[in-house]
Every structure is written in C-alpha cells, then in structure tokens.
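Data first, discussion second: the structure below is written as structure tokens.
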Amino acid sequence: MNIRMASSTGSPAYSDGKIDFVFQGETYQTYYKVIGDIKTSSNRTPLVVLHGGPGLCHNYLAPFSDLATKHDIPVIFYDQLGNGLSTHLRDKDPAFWTIDLFINELENLLKHFGIQDAFDIAGHSWGGILASEFEARRQPVGLKRLILSDSLAAYSLWIQSNIQLLQAFPASVQEGIMAGMKEPAKFYSALLKFHAVHGCVTKPPLPNISTPWTKYLAPTETPQLLLHRTSFQSPFKPTLTWTNRILNEWSIIDRLHLIRVPTFVINGRKDISQDFVVKPFFDKIQKVKWVTMEGSSHMPFFEERDRYIYLVEEFLR
C-alpha cells in the first residue's frame with residue numbers, strides 16, 4: 001500500500017494499493033485508490049464509486065475526489081476485475097464474467113476497509129447497474145444511500161436511446177458505429193463524434209475522459225473486458241461477448257421495489273441515459289430523488305462539476 005498523508009495546506013490523505021480477491025479458488029487483485037481518511041472522517045460515511053463500461057477503469061471519475069477535498073467525505077475508487085491496474089484475465093471463458101462476480105469483488109473491498117456496516121455507493125453508467133443489482137440481490141445492511149448517475153434500468157432502453165440519438169448523425173457516423181471493430185478506424189472516429197455530443201460535451205475533451213477510450217480502443221490493444229478476445233461490436237448489434245451475455249436481456253425494472261435505501265438518480269439533458277432510460281428508477285424506487293443536469297450529457301460530473309458535486313454532497317448529508 002502506498003500512503004501519502006495530508007499536507008500542510010489541508011489536502012486530504014491519499015492511499016492506493018491492491019487487495020487480494022479470492023473467487024472460485026483463485027486469487028486475483030483489485031486495485032484501489034482512497035482519497036481522505038476513512039478512520040478519522042467518522043462524521044461522514046465513506047463513498048465507494050463504481051466505474052462504467054464494462055471495461056473502463058476508475059480514473060475518469062476523478063471529480064468525485066472533490067467530495068473529499070471540499071467536504072471531508074472519504075472516497076474509494078477501484079478498478080473492477082479485468083480492468084485498469086487490477087488483475088487482467090484475457091483467457092477466461094465468457095461464462096466466468098457475471099454480475100455476481102463483480103458484486104463479490106465489491107463486498108470483498110468493503111470488508112477490506114472495514115466499512116461494510118456503513119457506506120454509500122455511487123455508480124456511473126454500468127456502475128449503476130452493478131450498484132442497483134448489489135442492493136437488489138444482497139440487501140447489504142450497511143448501505144445507507146445510493147447514487148445512480150447516468151445509468152439505465154434496462155438494457156433494451158439503453159439500446160433504444162442509442163439508436164434514437166444516432167439518427168441525428170451523418171451516414172458516415174452511423175455506418176462507423178454499426179461496423180464496430182471490424183473497421184477500427186471508422187468505428188473509433190464515429191464513436192468520438194457520437195460521444196462528443198452525448199458522452200461529454202466539454203470542449204476540448206478532458207484527458208481523464210479520453211484516456212480510458214484511447215487505451216481500450218487502440219488498434220494495438222483490444223479492450224480488456226469489453227472485448228474478451230473478440231471483435232468489438234456496435235452496442236446496437238448484440239454479439240456473444242461476455243458483456244452481452246450479461247446485458248443483452250438485462251433489466252432491473254421488476255425488482256426496483258427491492259431498493260430500500262434513499263436513492264439519487266442523475267442524468268444529463270443530452271445523455272445517452274435519456275429520461276425514459278432512467279424514469280423507471282423514479283417510478284418504482286420508494287425513496288428517490290431525480291435531477292436532470294441541463295448542461296450535460298453522460299458525464300455531468302465533468303460538464304457541470306461544481307453543481308454536480310454540490311447536489312451529491314447535499315444528498316449524502
């Protein structure tokens with residue numbers, strides 16, 4: 001573990017390292033990063049942040065660290081198994097990758113830090129799927145509050161939104177997206193144009209945002225979990241990759257009544273997670289608040305950073 005103590009200027013402590021994670025008799029490692037001091041910030045509940053993808057890593061969620069630097073809320077980031085600085089497993093069968101695997105990894109992280117009796121969760125995009133499934137399947141006694149940021153209640157709604165939004169783009173963008181990694185250059189170019197409108201409207205794109213995509217979609221390195229040794233396909237053309245094994249028919253709509261804790265739903269006006277994609281959360285979760293960020297798309301924590309952090313901190317009080 002690497003630890004950097006708080007500086008004289010008042011910046012919070014920082015630590016990172018790797019946690020052993022045993023699953024099906026094998027030991028893997030989960031990389032984590034903590035901003036703030038979990039032990040001394042007893043008046044604020046630690047927040048665990050779940051990244052999107054599947055197949056990205058924690059670094060693009062850096063704005064959440066403002067909760068530690070400005071509001072003394074300890075924030076825990078981590079790279080889900082197979083991603084970033086956690087163990088890479090290119091040769092695992094697609095059947096290995098399940099939602100329960102990632103829930104088990106999350107539970108292992110909570111136990112490692114001794115916060116399983118009191119913690120909050122924020123999940124972005126796919127991270128919101130993981131967070132909502134964790135609550136619905138395991139009913140963790142220590143979960144106090146849940147944030148579902150730019151997420152989805154059903155994969156069919158996500159696909160519907162992507163298809164709808166794509167219609168406004170030129171034919172070259174539509175064709176590039178549909179082709180997927182069969183034509184990597186066209187796909188990557190089209191994806192950047194699509195995400196410049198519905199992924200993150202910040203101009204120019206921020207390094208924290210572009211780094212995961214440039215790493216995972218570079219011609220010389222196929223995305224770790226996103227591809228699983230297959231050619232990446234458009235999200236509009238489901239294939240037999242592990243991702244689509246999990247998500248192709250995924251929905252939590254009929255189980256949203258199982259979410260017991262206060263929940264904050266956030267999306268952007270230009271988000272791929274359009275209102276109809278997240279509305280089931282608002283309709284079916286018992287204790288729920290919903291805010292649409294008018295100047296944002298899929299990453300309001302960058303696009304309207306100050307307001308986003310203000311709203312999240314207010315919810316976590």
Side-chain angles (χ1 to χ4, degrees), residues 1-2 15-35 38 45-61 64 74-149 151-152 212 216 223-228 241-247 250 252 258-259 261:
M1 182 194 315
N2 297 316
S15 64
D16 69 343
K18 294 183 178 181
I19 303 166
D20 284 344
F21 170 50
V22 179
F23 184 74
Q24 295 180 349
E26 296 186 69
T27 301
Y28 310 111
Q29 290 193 313
T30 300
Y31 172 81
Y32 69 84
K33 181 186 293 181
V34 180
I35 310 297
I38 296 171
T45 304
L47 176 69
V48 182
V49 185
L50 312 185
H51 66 71
L56 298 181
C57 50
H58 79 279
N59 56 350
Y60 76 97
L61 296 166
F64 280 88
V75 178
I76 301 173
F77 302 97
Y78 73 102
D79 291 339
Q80 294 156 26
L81 187 65
N83 301 300
L85 297 176
S86 294
T87 303
H88 287 199
L89 298 166
R90 290 187 180 277
D91 297 320
K92 286 294 184 182
D93 187 270
F96 173 82
W97 305 103
T98 65
I99 288 176
D100 278 319
L101 162 69
F102 292 107
I103 290 177
N104 287 356
E105 182 184 32
L106 174 56
E107 287 185 325
N108 185 64
L109 179 103
L110 297 171
K111 291 176 182 176
H112 172 82
F113 289 109
I115 61 172
Q116 65 271 24
D117 293 330
F119 61 94
D120 298 324
I121 286 182
H124 176 249
S125 199
W126 146 258
I129 292 178
L130 180 55
S132 59
E133 286 284 2
F134 178 38
E135 165 66 354
R137 295 187 187 199
R138 304 289 174 89
Q139 302 275 284
V141 295
L143 180 60
K144 304 304 181 184
R145 303 169 196 84
L146 179 64
I147 299 169
L148 302 176
S149 186
S151 195
L152 50 149
Y216 288 110
Q224 187 59 38
L225 292 183
L226 195 60
L227 306 196
H228 189 69
T241 62
W242 84 267
T243 301
N244 285 298
R245 285 173 60 95
I246 292 178
L247 296 181
W250 177 84
I252 199 171
L258 297 174
I259 295 181
V261 299

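- Nearest approach of Trp97 to Gly82, heavy atoms of both residues: CH2-CA, 4.3 Å.
- The shortest non-hydrogen separation linking Gly128 to Leu148 is O-CD2, 3.6 Å.
- Of the possible donor and acceptor atoms, one in the side chain of Thr87 sits under 3.5 Å from a partner among the backbone N and O of Gln29.
- The minimum heavy-atom distance between Leu247 and Pro54, with the atom names listed, is CD1-CD, 4.2 Å.
- Side-chain contact between Pro46 and Val75 is absent, with no heavy-atom pair separated by less than 4.5 Å.
- The shortest distance between side-chain heavy atoms of Leu258 and Gln139 falls below 4.5 Å.
- Nearest heavy-atom pair, Gly52 versus Ser125, reported as atom, atom and distance to 0.1 Å: CA-CB, 4.4 Å.
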Would you check, one step at a time, whether the test side-chain contact (heavy atoms from CB on, under 4.5 Å) holds for Val49 with Ile76? CA-CA 6 Å; Val49 185; Ile76 301 173; over 6 Å; no

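- In this structure Ser86 satisfies the side chain to side chain donor-acceptor pair (under 3.5 Å) test with no other residue, sequence neighbours excluded.
- Remark: Gln24 engages no residue in a side chain to side chain donor-acceptor pair (under 3.5 Å) (not counting sequence neighbours).
- Pairs of residues two or more places apart, or lying in two chains, that qualify as salt bridge (charged side-chain N to carboxylate O under 4.0 Å, His left out) and include a residue from residues 129-141 are Asp100-Arg137, Asp100-Arg138, Glu107-Arg138, Glu133-Arg137, Glu133-Arg255, Glu135-Arg260.
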What verdict does the ring pair (Phe, Tyr, Trp, His ring centres under 6.0 Å) test give for Phe102 and Phe134, after you've listed the backbone C-alpha separation in whole Å, the side-chain angles of each residue and the deciding distance to 0.1 Å? CA-CA 9 Å; Phe102 292 107; Phe134 178 38; over 10 Å; no

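- When the side chain to side chain donor-acceptor pair (under 3.5 Å) test is applied to Asp79, the partners found at least two apart in sequence or on another chain are His58.
- With sequence neighbours left out, Thr30 forms a side chain to side chain donor-acceptor pair (under 3.5 Å) with Glu105.
- Of the residues Tyr32, Tyr31, Phe64, the one that meets the side chain to side chain contact (heavy atoms under 4.5 Å, CB included) test with Phe77 is Phe64.
- Classification of the Tyr28-Phe21 ring pair by plane angle, with boundaries at 30° and 60°, yields tilted.
- With Val22 as reference, Thr27 is the one residue of Asn108, Asn104, Thr27 to meet the side chain to side chain contact (heavy atoms under 4.5 Å, CB included) rule.
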Quick one: side chains of residues 113-121, donor-acceptor pairs under 3.5 Å with protein atoms, not counting sequence neighbours, listed by atom name and distance.
residue, atom, partner, partner atom, Å
Asp120, OD1, Arg145, N, 3.1
Asp120, OD1, Arg145, NH1, 3.2
Asp120, OD2, Arg145, NH1, 3.1

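- For Tyr78 (side chain) and Leu106 (main-chain N/O), no donor-acceptor pair under 3.5 Å exists by modelled atom type.
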